[in-house]
Amino acid sequence: MNSHATALVPIETWCYNSPRLMARGIPVDLGLLCEALLYYDSVFLHVTTQPQFAALLVWATRSGHFDQFLELVSSGAITMYDYSFHTAPIQKDGTYVLMNIQDPIQASYGTFPRRFLYHRDVEDAVPNVRRRKRMYAAFAGRVIEVKADDFGPAIENARLDNNDHRRNAIVVQAFVDELYKFQSLGRPPEVSASITTNQNDGRTNITWNINFQELARLAGPKLGFHLATPLTGGAVCNRLLWSAAERGCDLFLGAPMACLVGDKLYETVRTPARVGEIVVGLKQRVEFPDVRTLVHDGVLNLGDILEMRAKAGRFRTWLQSSADRDSDAMIAYHHEVAKESKLLGQTRKTAISLV
């Protein structure tokens, strides 16, 4: 049974996770991690590349709280969740095929230190040898490595989704909606897709009512949107849901991935975690600090988040229990947490999606 005490938090920025940050050249959504640390006792933290991991370490160092960050890891508040493979569409003879790809090193267990901790980018991020030794010790036993063979059903389900015109339209619509929002382009167009199957070779062809080259231009070169990007988005959605089911945890996601996951849960007649509804409700009724934006703008650092986390234990317990308690009393308590942390009134809302 899911206790809602832990969430899987992917912080890589790309077209389907915090693209507004990626468009600014920011590789990881540190604000997403910070909010998750306030809402959950522990998080499974995912980054895709070594430079992203290095950016996380640089942020912790510059905040002056690198040792406290390592304590979050060694205590189990943060556990790295490593997809030791890549999910990507491969083009062959003009057709894209979804694949889980891994090399021999990725296929072996216990290779996270070799692939990440000892990588040049990470060593440059933590140049002090003594600090690196403490880092190695902190991450020992705090990494979950999952392999391509574990995600065969997830990739197969993503392939089936690719034959569903409704799902295809939703995947592209989610990106278009987010793109038009952060680029201030006005009302986004309504996306539709139609699918035909070649009776000779069984290949599927998708026809869109929207120009992908124009979308790529609007998104900009840093996002790198292309014809196969939505296919990757749908596949990563299935991969995340598979991980959450296997680990019995929540997902804490940026937009537009949260939209894809929400639709998939609805489609499978499953109910998103009640904790998500509670958090959204609190944001509407309380002057709730926009933690993510404040982190991105440099107003809050890791020390501020740790201070808030220390004061919000009862709030997390309440979210996890989802019991029929006095909501107004708990809202008042959360109000006091923000007030004590000197964050109340800096902003009134946040845009996190929680499922």
Inter-residue atom distance [X].[atom1] - [Y].[atom2], 0.5 Å rounding:
X: N100; Y: Q106; atom1: CG; atom2: CD; value: 11.0 Å
X: L253; Y: C259; atom1: CG; atom2: SG; value: 11.0 Å
X: T49; Y: D121; atom1: OG1; atom2: CG; value: 8.0 Å
X: R217; Y: E214; atom1: CZ; atom2: CD; value: 4.0 Å
X: N205; Y: T196; atom1: CG; atom2: OG1; value: 4.5 Å
X: C34; Y: L300; atom1: SG; atom2: CG; value: 7.5 Å

Kindly indicate whether the side chain of [X], heavy atoms from C-beta on, has any atom under 4.5 Å from the side chain of [Y].
X: L72; Y: Q68; answer: no
X: L37; Y: I78; answer: yes
X: V122; Y: M135; answer: yes
X: R316; Y: R309; answer: yes
X: V43; Y: L8; answer: no
X: V28; Y: F53; answer: no
X: V9; Y: E35; answer: no
X: I144; Y: R247; answer: yes

Are [Y] and [X] co-members of a hydrophobic cluster defined by side-chain heavy atoms under 4.5 Å apart?
X: Y136; Y: F116; result: yes
X: L33; Y: I26; result: no
X: W14; Y: Y96; result: yes
X: Y118; Y: L56; result: yes
X: L306; Y: F252; result: yes

Distance-only, no hydrogens or angles: does the [X] side chain make a donor-acceptor pair with backbone N or O of [Y] under 3.5 Å?
X: R159; Y: L98; value: yes
X: T229; Y: F225; value: no
X: Y39; Y: A5; value: no
X: H65; Y: S63; value: yes
X: W242; Y: D150; value: yes
X: T317; Y: G313; value: yes
X: N17; Y: G254; value: yes
X: Q50; Y: R115; value: yes
X: Q173; Y: P189; value: yes
X: R131; Y: V126; value: no

Which atom of [X] lies closest to which atom of [Y], heavy atoms considered:
X: L218; Y: Q183; answer: O-NE2, 3.0 Å
X: K222; Y: A23; answer: CD-O, 3.4 Å
X: L227; Y: P230; answer: O-CD, 3.5 Å
X: G233; Y: M257; answer: O-CE, 3.6 Å
X: D164; Y: N168; answer: O-ND2, 2.8 Å
X: P256; Y: C15; answer: CD-O, 3.5 Å

Next item on the list: Evaluate whether atom CD of Q91 has more than 12 neighbouring non-hydrogen atoms of other residues, nucleotides or ligands under 6.0 angstrom away.
Entry: yes
Item checked: Atom CD of Q213 with >12 non-hydrogen neighbours under 6.0 angstrom -> no
If we count only N and O atoms by modelled type, under 3.5 Å, do the side chains of [X] and [Y] hold a donor and an acceptor together?
X: S18; Y: D29; result: yes
X: T13; Y: R20; result: no
X: N157; Y: K264; result: yes
X: Y81; Y: S243; result: yes
X: N238; Y: D161; result: yes

Notebook entry, point to check: Can a cation-pi geometry be assigned to R239 and Y83, taking NZ or CZ under 6.0 Å from the six-membered ring centre and within 45° of the ring axis?
Noted result: yes
Checklist line | K147/E145 under salt bridge (Lys or Arg N to Asp or Glu O under 4.0 Å): CA gap, chis, key distance, verdict | finding: CA-CA 7 Å; K147 309 299 180 181; E145 295 182 16; 3.0 Å; yes
Next item on the list: Dump the intermediate steps for salt bridge (Lys or Arg N to Asp or Glu O under 4.0 Å) on R166 and D263, then the final yes or no.
Entry: CA-CA 11 Å; R166 186 198 70 88; D263 175 73; 3.1 Å; yes
Note to self: ring-ring contact (aromatic ring centres under 6.0 Å, His included), that's the test. Do F212 and H226 meet it? Break it down for me.
What the structure shows: CA-CA 7 Å; F212 274 50; H226 56 86; 9.5 Å; no
Note to self: Among residues at least two apart in sequence or on other chains, which ones pass salt bridge (Lys or Arg N to Asp or Glu O under 4.0 Å) with E12?
What the structure shows: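 Partners of E12 by the salt bridge (Lys or Arg N to Asp or Glu O under 4.0 Å) criterion come out as none, since no residue qualifies.
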Next item on the list: Give the C-alpha distance, both sets of side-chain angles, the deciding distance and a yes or no for side-chain contact (heavy atoms from CB on, under 4.5 Å) between L45 and T79.
Entry: CA-CA 6 Å; L45 176 62; T79 297; over 6 Å; no
Next item on the list: Any chance you could lay out the side-chain contact (heavy atoms from CB on, under 4.5 Å) test for M80 and R142, step after step, and finish with the verdict?
Entry: CA-CA 6 Å; M80 297 306 299; R142 294 302 181 189; over 6 Å; no
Notebook entry, point to check: Passes side-chain contact (heavy atoms from CB on, under 4.5 Å), I90 versus I101? Steps please.
Noted result: CA-CA 10 Å; I90 305 299; I101 308 164; 3.5 Å; yes
Notebook entry, point to check: Would you call the rings of F139 and F112 parallel, tilted or perpendicular, where under 30° means parallel and over 60° means perpendicular?
Noted result: tilted
Next item on the list: Please assess F151 against F85 for the test ring-ring contact (aromatic ring centres under 6.0 Å, His included), listing each intermediate value before the final yes or no.
Entry: CA-CA 10 Å; F151 286 80; F85 61 94; 5.5 Å; yes
Notebook entry, point to check: Run the side-chain contact (heavy atoms from CB on, under 4.5 Å) check on L240 and H46 step by step: do they pass?
Noted result: CA-CA 10 Å; L240 289 168; H46 171 65; over 6 Å; no
